[in-house]
Amino acid sequence: MTAILLAAGGLRAQQAAQLPALKQEVAAEVDKMQTLTQQMVDEIFSFSELGFQEYETSKYVTGILEKNGFHVERGVAGVPTAWIATYGSGKPVIAFITDIDCIPRASQKPGVAYHDPIVEGAPGHGEGHNSGMAVNVTAALVLKKLMDAHKIGGTIKLVPGVAEELLGTKAFYVRAGMFKDVDIVLGAHVESEFSTSYGTGNGEWSGLVSVQYFFHGKAAHAAGAPWEGRSALDAVELMDTGWDFRREHLRPAQRSHRVIINGGDQPNVVPSEAAVWYYFRELDYTHIKDLYDLGNMMADSAAKMTGTTVDHKLVGSAWPPFLNKVIAETQQKNIEAVGMPKWSEADQTLAKALQKEIGAKVEGLKEKIDPLAEPVKKPTGGGSDDIGDISWNVPMVYLMYPANIPNLPGHSWANGVAMATPIAHKGSTAGAKVQAMTALDFFLQPQLVQQAWDYFRDVQTKEVHYEPFLSADDKPAVEMNKEKMEKFAPQLKKYYYDPGRYKTYLEQLGIQYPTVRTQP
Ligand SMILES: [Zn+2]
């Protein structure tokens with residue numbers, strides 16, 4: 001046994017010496033796969049599926065992986081569109097993760113520098129999650145090839161971020177033990193730059209709970225017998241008013257916002273049912289938990305004032321991400337080795353025209369890579385990502401690959417403009433190289449895996465210990481977006497990308513690249 005282990009160790013040491021050559025091979029192999037990468041970007045863009053409804057996307061991606069010898073387990077963690085794909089065996093186990101869901105009302109023709117939806121009012125990839133699987137699957141297929149050819153031991157796993165826009169699944173993945181045997185997690189997310197970070201990064205990340213409050217009153221004729229009724233909508237409004245007054249006395253780091261998801265049916269019926277949906281964001285577990293408790297108290301108080309009752313449902317949660325320094329330093333070297341994609345004049349023309357169109361700073365696409373920055377000392381908070389829960393359970397980094405245009409508002413049609421164009425295709429190819437190279441670094445240097453875990457144990461989790469927001473009874477909100485998707489899927493289907501007939505999605509849609517406003 002020891003002799004075998006030594007032999008295996010010896011083989012790894014030899015392979016480690018060949019790392020620079022193997023990385024060159026990675027880059028060459030990823031380049032050879034550019035057509036498949038482009039097809040994945042375009043195909044998933046055309047599916048435009050909202051969180052928990054990513055059926056076409058998951059079927060398509062797992063199909064590619066199975067065809068290439070990956071073992072796929074579907075419906076994991078109680079989520080129908082979630083899955084885990086595995087190749088190889090033994091240690092280390094390296095998992096790739098990336099999101100697959102899109103944004104409501106963000107339908108947009110790619111390559112067009114002004115608002116022009118493919119299907120009016122439909123969901124669309126107004127964040128760019130359509131490119132993530134192109135990055136991770138390309139990287140995984142190339143790694144598989146190298147592992148076979150050079151007898152590299154270890155296991156690759158791929159996992160989709162289902163319903164990331166709802167912060168809806170990753171805490172459930174953790175609860176289901178999906179990362180128990182995983183040594184390193186390499187996440188990938190679309191950006192307009194090529195970067196990685198560690199610790200709390202630039203500090204613009206919050207954690208959150210996403211909670212829906214359902215108030216129950218009593219219906220009555222609103223003119224004939226209002227005294228008989230108890231308005232659930234009154235309770236929603238009082239809760240919101242209460243929260244807005246209290247907001248002044250909360251820490252500046254908090255962010256909270258809500259939408260009323262049910263405001264009643266018509267004015268002459270006292271609303272017996274009403275509901276409001278809150279995101280409560282803060283910088284750490286304790287403060288998020290405090291906001292959650294405060295929200296529950298406000299809801300109960302509003303119910304008391306109005307003679308209604310209330311119950312609530314946790315529909316999403318996320319710890320603020322904390323990323324691993326050892327992996328980030330390793331990844332940064334690969335980012336610098338790969339370098340920014342070469343943007344064409346057409347790419348820059350599209351980028352500048354869009355920036356002008358929306359009134360953003362007109363700078364075009366980024367061409368330089370910044371050095372790895374130290375985490376900021378005082379995080380300010382901002383958006384959230386449910387990878388946070390994974391990052392507190394396994395050493396993890398989040399690669400930002402350059403597949404979108406800078407200075408965009410986020411979560412809107414504008415963020416979809418570049419996402420099935422050469423900008424997204426080239427950015428995804430660059431991202432795939434870094435994902436595969438970084439995985440290779442950890443496959444061939446067991447001491448690096450050890451160092452990543454040392455940082456995880458001795459620095460990151462020395463004083464802070466993961467506690468899930470989920471209770472044992474919380475279930476993933478898998479019914480969300482169902483109606484919206486059923487409404488739009490038949491229309492979107494007509495525009496699904498057919499790579500058998502068209503080289504690119506732009507070609508299929510008959511879009512001249514780039515299409516910009518002709519100035520009078
Ligand atoms: Zn995202």
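Whatever order the structure lists them in is the order used to number ligands and atoms, beginning at 1. This chain uses plain numbering: 1 for the first residue, then up along the sequence.
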Inset, instruction - Indicate yes or no: does R251 engage D290 in a salt bridge with an N to O separation below 4.0 Å. - result: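 D290 and R251: not salt-bridged.
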
Inset, instruction - Measure the acute angle between the ring planes of Y213 and Y278, then classify it against the limits of 30° and 60° as parallel, tilted or perpendicular. - result: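 Ring orientation, 0 to 90° scale: perpendicular.
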
Legend entry - W243 and F280 aromatic ring geometry - parallel, tilted or perpendicular at 30°/60° bounds: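 Taking W243 first and then F280, their aromatic rings sit tilted (interplane angle of 30° to 60°).
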
Legend entry - Matching residue for V142 among E29, K433, M437 - test: side chain to side chain contact (heavy atoms under 4.5 Å, CB included):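 Among E29, K433, M437, the one meeting side chain to side chain contact (heavy atoms under 4.5 Å, CB included) with V142 is E29.
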
Inset, instruction - Just the protein N/O/S atoms under 2.8 Å from the Zn ion (ligand 1), please, no waters. - result: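 Checking every protein N, O and S atom gives E127 OE2, H129 NE2, H189 NE2.
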
Legend entry - Sole candidate of T98, T196, D385 that passes side-chain hydrogen bond (donor to acceptor under 3.5 Å, both in side chains) when paired with Y398: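 Result: among T98, T196, D385, D385 is the only option passing the side-chain hydrogen bond (donor to acceptor under 3.5 Å, both in side chains) with Y398.
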
Legend entry - Main-chain N/O of E164 paired to D386 side chain as donor or acceptor, under 3.5 Å: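 No; zero donor-acceptor contacts below 3.5 Å.
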
